[in-house]
Peer 1: 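Structure incoming, see below.
Just so it is clear, the values below take in all heavy atoms, side chains as well, and ignore hydrogens, waters and symmetry mates.
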Amino acid sequence: MLKFLAKGEISKGNCEDEPMDSTMDDAVAGDFALINKLDIQCDLKTLSDDLKESFESEKKKGKKKEESNELIQSQDVEEKLGSGEPSHSVKVHMVPKPGKGADLSKPPCRKAKEIRKERKRLKLMQQNPAGELEGFQAQSQPPSLFLPKAKSNQPKSLEDLILESLPEDASHKLEVRLVPVSFEDPEFKSSFSQSFSLYVKYQMAIHQDPPDECGKTEFTRFLCSSPLEAENPPNGPDCGYGSFHQQYWLDGKIIAVGVIDILPHCVSSVYLYYDPDYSFLSLGIYSALREIAFTRQLHEKTSQLSYYYMGFYIHSCPKMKYKGQYRPSDLLCPETYVWVPIEQCLPSLENSKYCRFNQDPEAVDEGRCKEPDRLQVFHKKAIMPYGVYKKHQKDPSEEASVLQYASLVGQTCSERMLLFRN
């Protein structure tokens, strides 16, 4: 039973920030220390006048940034220059010489990652001038640089992969046909011979069946004679309910046939046979995915049809164990008849071939037969409740057999089906 319901990564480049040679204060302090070491004597008043003239001259230019072109001189500096204090105590900010620290006339160094982010932000703003970009934070916060991933970056859905159209000039052409299992259907009748030949080839190559066990009679009884009656209710799928052969035609030739039953609540996968020459295509996996996609397609039209049933699961059999690879999947508890996620069942199946999946020890089968006398029996061309039928029976083993049947089918089914007795 299969219920129905990546992300791309942004690569980050590595970058190393180049360290600044020194701060502005370090550069200025270094210059003044050098002057002190050389013992250069000068008239401090003249130095002060020169600084004032330089300050006025730089102020008139006004073309460069104020913090990098002005010589900032406070009143305290003037007092110290006029008082004759040693020059090393004067704090004067000036443009450093080349190679002597950061050049404040240029923007501060930025990390390569920051530059990339800024470029990304500008690009996004150009694409959406209104600025209404999903993922942006509040106005007090910087806008997010990462939009929700576009559809092209999302992993493709099952339908996108399965139903993707091929170009007109494709080397091969694959066609999937849904054919009702009925000899009255012209398409089923016309393809029967080719489908039967494929079945024989598959059974002999894959299952090593002898030719006498792969006859037309066996094939018809096994995969063409269905107990289901075809129905086409107005609220059902367009194809109706019943048994179907889903034929896979490659370049005008049948290479695989999936036998399925379409029921009101599920699509049941009955059997698959394929051409062994095309085993490299993993047709078993492909057909299962195709049937899952088909079930989801039917679900859109008929909401109650929402499950894909893969039949029996045998954990110890490799040919059956593959069914557990499709997720999410449930297994039916053989005692309480409730569906349990397969992940919870696998540890128990590793230890025992048979186990109860429902972990609640008090749980029982809610649909068990509680009133066996209401079970319907078909006897001597008449339908009657078991309570009436048993009054005319003297064989004690008869009751045990009927009660076993009732315990297997449950109360609801026992009243809807007929138990044939002769």
Peer 1: Residues in side chain to side chain donor-acceptor pair (under 3.5 Å) with Thr336, at least two apart?
Peer 2: Asn358
Peer 1: Test ring-ring contact (aromatic ring centres under 6.0 Å, His included) on His265 and Tyr307; report intermediate values, then the result.
Peer 2: CA-CA 7 Å; His265 295 282; Tyr307 298 98; 8.1 Å; no
Peer 1: When you compare the side chains of Tyr386 and Glu399, does any donor N or O come within less than 3.5 Å of an acceptor on the partner?
Peer 2: no
Peer 1: Grab the two heavy atoms, one from Pro347 and one from Gln344, that are nearest each other, plus how far apart they are.
Peer 2: CD-O, 3.8 Å
Peer 1: If only side-chain N and O atoms count, and only distance matters, is there a donor-acceptor pair under 3.5 Å linking Gln203 with Tyr273?
Peer 2: no
Peer 1: Taking the six-membered ring of Phe196 as reference, does the NZ or CZ atom of Lys216 fall below 6.0 Å from its centre and within a 45° cone about the axis?
Peer 2: yes
Peer 1: So, do Tyr326 and Tyr308 have ring centers that fall under 6.0 Å from each other?
Peer 2: no
Peer 1: Show the atom names and distances, to 0.1 Å, of all donor-acceptor pairs under 3.5 Å that link a side chain in residues 226-242 to residues at least two apart or in another chain.
Peer 2:
| unit_1 | atom_1 | unit_2 | atom_2 | d |
| --- | --- | --- | --- | --- |
| Ser226 | OG | Leu228 | N | 3.1 |
| Ser226 | OG | Ser243 | OG | 2.5 |

Peer 1: If only atom types and distance count, is the side chain of Asp365 paired as donor or acceptor with the main-chain N or O of Tyr337 below 3.5 Å?
Peer 2: no
Peer 1: Checking Asn351 now: which residues fulfil side chain to side chain donor-acceptor pair (under 3.5 Å) with it, not counting sequence neighbours?
Peer 2: none
Peer 1: Is it the case that the side chain of Gln393 and the backbone of Lys391 share a donor-acceptor pair, with hydrogens and angles ignored and the cut-off at 3.5 Å?
Peer 2: no
Peer 1: Is it true that Phe183 and Phe192 have ring centroids separated by less than 6.0 Å?
Peer 2: yes
Peer 1: Grab the two heavy atoms, one from Cys345 and one from Val340, that are nearest each other, plus how far apart they are.
Peer 2: SG-CG1, 3.7 Å
Peer 1: Would you call Lys189 and Glu184 a salt bridge, using N to O less than 4.0 angstrom?
Peer 2: no
Peer 1: Give a yes or no on whether His172 atom NE2 has more than 12 heavy-atom contacts from other residues, nucleotides or ligands under 6.0 Å away.
Peer 2: no
Peer 1: Within this structure, what is the OG-CD distance for the pair Ser269 and Gln246, rounded to the nearest 0.5 Å?
Peer 2: 9.5 Å
Peer 1: Run the side chain to side chain contact (heavy atoms under 4.5 Å, CB included) test on Leu305 and Leu298 for me, step by step, so that the C-alpha distance in whole Å, both residues' side-chain angles and the decisive distance to 0.1 Å come before the verdict.
Peer 2: CA-CA 7 Å; Leu305 201 165; Leu298 296 178; 4.2 Å; yes
Peer 1: Side chain to side chain contact (heavy atoms under 4.5 Å, CB included), that's the test. Do Ile383 and Gln376 meet it? Break it down for me.
Peer 2: CA-CA 7 Å; Ile383 300 175; Gln376 298 296 302; 3.5 Å; yes
Peer 1: Has the side chain of His379 got a donor or acceptor atom that lies under 3.5 Å from a matching backbone atom of Arg421?
Peer 2: yes
Peer 1: Taking the side chain from Ser407 and the backbone from Gln404, do they hold a donor-acceptor pair closer than 3.5 Å?
Peer 2: yes
Peer 1: Classify the side-chain pair His315/Glu350 by whether it contains a donor and acceptor separated by less than 3.5 Å.
Peer 2: yes
Peer 1: Look at the side chain of Glu218 and the backbone N and O of Gly215, then say whether any donor-acceptor pair between them is shorter than 3.5 Å.
Peer 2: yes
Peer 1: Check for a donor-acceptor pair, side chain of Ser352 on one end and backbone N or O of Leu349 on the other, with a separation under 3.5 Å.
Peer 2: no
Peer 1: Hey, are Glu398 and Lys390 close enough for a salt bridge, meaning a charged N less than 4.0 Å from a carboxylate O?
Peer 2: no
Peer 1: Checking Tyr354 now: which residues fulfil ring pair (Phe, Tyr, Trp, His ring centres under 6.0 Å) with it, not counting sequence neighbours?
Peer 2: none
Peer 1: Give, for atom NZ of Lys156 and atom CD of Glu159, the distance between the pair rounded to the nearest 0.5 Å.
Peer 2: 13.0 Å
Peer 1: Determine, stepwise, if the pair Glu175 / Lys173 fulfils salt bridge (charged side-chain N to carboxylate O under 4.0 Å, His left out).
Peer 2: CA-CA 7 Å; Glu175 182 183 2; Lys173 181 181 179 181; 5.0 Å; no
Peer 1: Mind checking what makes ring pair (Phe, Tyr, Trp, His ring centres under 6.0 Å) contact with Tyr202, not counting sequence neighbours?
Peer 2: His207, Tyr274
Peer 1: Within this structure, what is the CD1-CG distance for the pair Ile255 and Leu174, rounded to the nearest 0.5 Å?
Peer 2: 6.5 Å
Peer 1: When you measure from the side chain of Ser195 to the backbone N and O of Ser191, does any donor-acceptor pair fall under 3.5 Å?
Peer 2: no
Peer 1: Keeping the roles fixed (side chain from Lys370, backbone from Gln411), state whether a donor-acceptor pair exists under 3.5 Å.
Peer 2: no
Peer 1: Could you pull out all residues at least two apart from Tyr405 that satisfy ring pair (Phe, Tyr, Trp, His ring centres under 6.0 Å)?
Peer 2: none
Peer 1: Are there over 12 heavy-atom neighbours, none belonging to Arg368, within less than 6.0 Å of that residue's CZ?
Peer 2: yes
